[in-house]
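First the structure, in the form of structure tokens, and then the observations on it.
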Amino acid sequence: MLSRKGIIPEEYVLTRLAEDPAEPRYRARERKARFVSKKGNCNVAHKNIREQGRFLQDVFTTLVDLKWPHTLLIFTMSFLCSWLLFAMVWWLIAFAHGDLASDEGTIVPCVTSIHSFSSAFLFSIEVQVTIGFGGRMVTEECPLAILILIVQNIVGLMINAIMLGCIFMKTAQAHRRAETLIFSKHAVIAVRHGRLCFMLRVGDLRKSMIISATIHMQVVRKTTSPEGEVVPLHQVDIPMENGVGGNSIFLVAPLIIYHVIDSNSPLYDLAPSDLHHHQDLEIIVILEGVVETTGITTQARTSYLADEILWGQRFVPIVAEEDGRYSVDYSKFGNTIKVPTPLCTARQLDEDRSLLDALTLASARGPLRKRSVAMAKAKPRFSISPDALT
């Protein structure tokens, strides 16, 4: 804006310096909507649900799934409504028995010291929360009052059990433990053991372990069947590999989980250019296990879009041995470095293995060439005079 007005020359504008005129300019495209967010939330909106009564058939789960303000509102209103309801019942008993109009010395009341609705409300609270200040009590004059006393105690215990259980389940939900299970921001594709592999890093910030931890991965993309049926969210399971083999992992330190891109992989025909144009690709990673301290099953999720997959890069090591134990540097958790990687699909690499051999030979010559150049530039520390050779 300043350069257009002539205040600052264009060659001094930072946006101009950051651009490379040799690089092609790509038009900004609309980002694909995620099926699963980076934090693990499912980006799905349920609309036009006609059978709303099904949620009331499972009241406890519905209360747990509610947001905290709604839960606290229901928690408060359940007690207030029960106190008001039984306060009305106690006031009607006292009114029917004539306790409100007469003195306590003339007749024996059903409940002592009830003269108005306010005193009946206070007695209802004392009965349900078992306070018992001693000023009001039920006498043996009215059997109906004794029956109402029993009913209110049972109702109060049921409300306490349901609401306190709901509060406990909301505070001990499994996704709270998943907050300390982290995934790398980007995934990478590089050569490992002579094959192209899709790799990501996962770690646990807590010292308490995740027991029987397993990891799964799915590819979600929009596909069309041979019959012309459009499937907007076609999910395909793909196997994951780790250092110990299988889907089970021992998550004590951060691990690099990788998937070998072979002929059975849905990424078999994925090329580096597709990562910039393949907007329908989304890879979902699911980590599931049992929390060691609580025994509750937890699940952590994340996803990677096409532009979040880095081709030809590898994660840097973050585990080192210091003072007789292993230390983890989480500041480098998502750092990557470039490595020689064929710019072709896994199918092309399997059909022409010379691409990988040439890449291996070039990477092997690289360190030798750098070493020879460094030795040539190094200056000798000692010089020998010609007289010493004679």
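These numbers were taken from a predicted model, which means no experiment stands behind them. Scope of the values below: all heavy atoms of this structure, side chains included, with no hydrogens, waters or symmetry mates.
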For the residue pair Ser303 and Glu282, confirm or rule out a side-chain donor-acceptor distance under 3.5 Å.
yes

Can you sort out the partners of Thr180 under side-chain hydrogen bond (donor to acceptor under 3.5 Å, both in side chains), two or more places apart, ordered by chain and number?
Arg177

Should the pair Phe79 and Trp83 be assigned to parallel (<30°), tilted (30 to 60°) or perpendicular (>60°) ring geometry?
tilted

Sequence neighbours excluded, the answer for side-chain hydrogen bond (donor to acceptor under 3.5 Å, both in side chains) partners of Arg314 is none

side-chain hydrogen bond (donor to acceptor under 3.5 Å, both in side chains) partners for Ser331, two or more places apart
Asp329

Looking at every non-hydrogen atom in both residues, tell me the closest pair between Ile284 and Ile286 and how far apart they are.
CG2-CG1, 4.1 Å

Are Val339 and Phe315 connected in a single hydrophobic cluster, I mean Ile/Leu/Val/Met/Phe/Trp/Tyr linked by side-chain heavy atoms less than 4.5 Å apart?
no

Would you give me the side-chain donor-acceptor pairs under 3.5 Å for residues 182-196, sequence neighbours excluded?
| residue | atom | partner | partner atom | Å |
| --- | --- | --- | --- | --- |
| Ser184 | OG | His186 | O | 2.9 |
| Ser184 | OG | Arg201 | N | 3.2 |
| Ser184 | OG | Tyr304 | OH | 3.4 |

Minimum side-chain heavy-atom gap Asp269-Asp274 below 4.5 Å
no

Salt bridge (charged side-chain N to carboxylate O under 4.0 Å, His left out) filter on Arg136, not counting sequence neighbours, yields Glu126

Any residue meeting side-chain contact (heavy atoms from CB on, under 4.5 Å) with Ser265, in chain and number order, not counting sequence neighbours:
His259, Ile261, Asp262, Leu267

Of all residues at least two apart in sequence or in a different chain, which pass the side-chain hydrogen bond (donor to acceptor under 3.5 Å, both in side chains) check with Asp237?
Gln218

Heavy-atom pair with the smallest gap, counting every atom of Ile238 and Pro266:
CG2-CD, 2.9 Å

Sequence neighbours excluded, the answer for side-chain contact (heavy atoms from CB on, under 4.5 Å) partners of Asn41 is Ser37, Lys39

Suppose we screen for side-chain contact (heavy atoms from CB on, under 4.5 Å). Which residues come up paired with Thr223, at least two apart in sequence or across chains?
Arg221, Val231, His234

For residues 141-169, dump all side-chain donor-acceptor pairs below 3.5 Å to protein atoms at least two apart in sequence or in another chain.
| residue | atom | partner | partner atom | Å |
| --- | --- | --- | --- | --- |
| Gln152 | OE1 | Trp90 | NE1 | 3.0 |
| Gln152 | NE2 | Ser124 | O | 2.9 |
| Gln152 | NE2 | Ser124 | OG | 2.9 |
| Gln152 | NE2 | Gln128 | OE1 | 3.4 |
| Asn153 | ND2 | Leu149 | O | 2.6 |
| Asn160 | ND2 | Gly156 | O | 3.2 |

All heavy atoms of Cys110 vs all of Asp99, minimum pair found to be N-OD2, 3.0 Å

What pairs with Trp311 under ring pair (Phe, Tyr, Trp, His ring centres under 6.0 Å), at least two apart in sequence or on another chain?
none

Partners passing side-chain contact (heavy atoms from CB on, under 4.5 Å) against Val290 (at least two apart in sequence or in another chain)
Ile211, Thr297

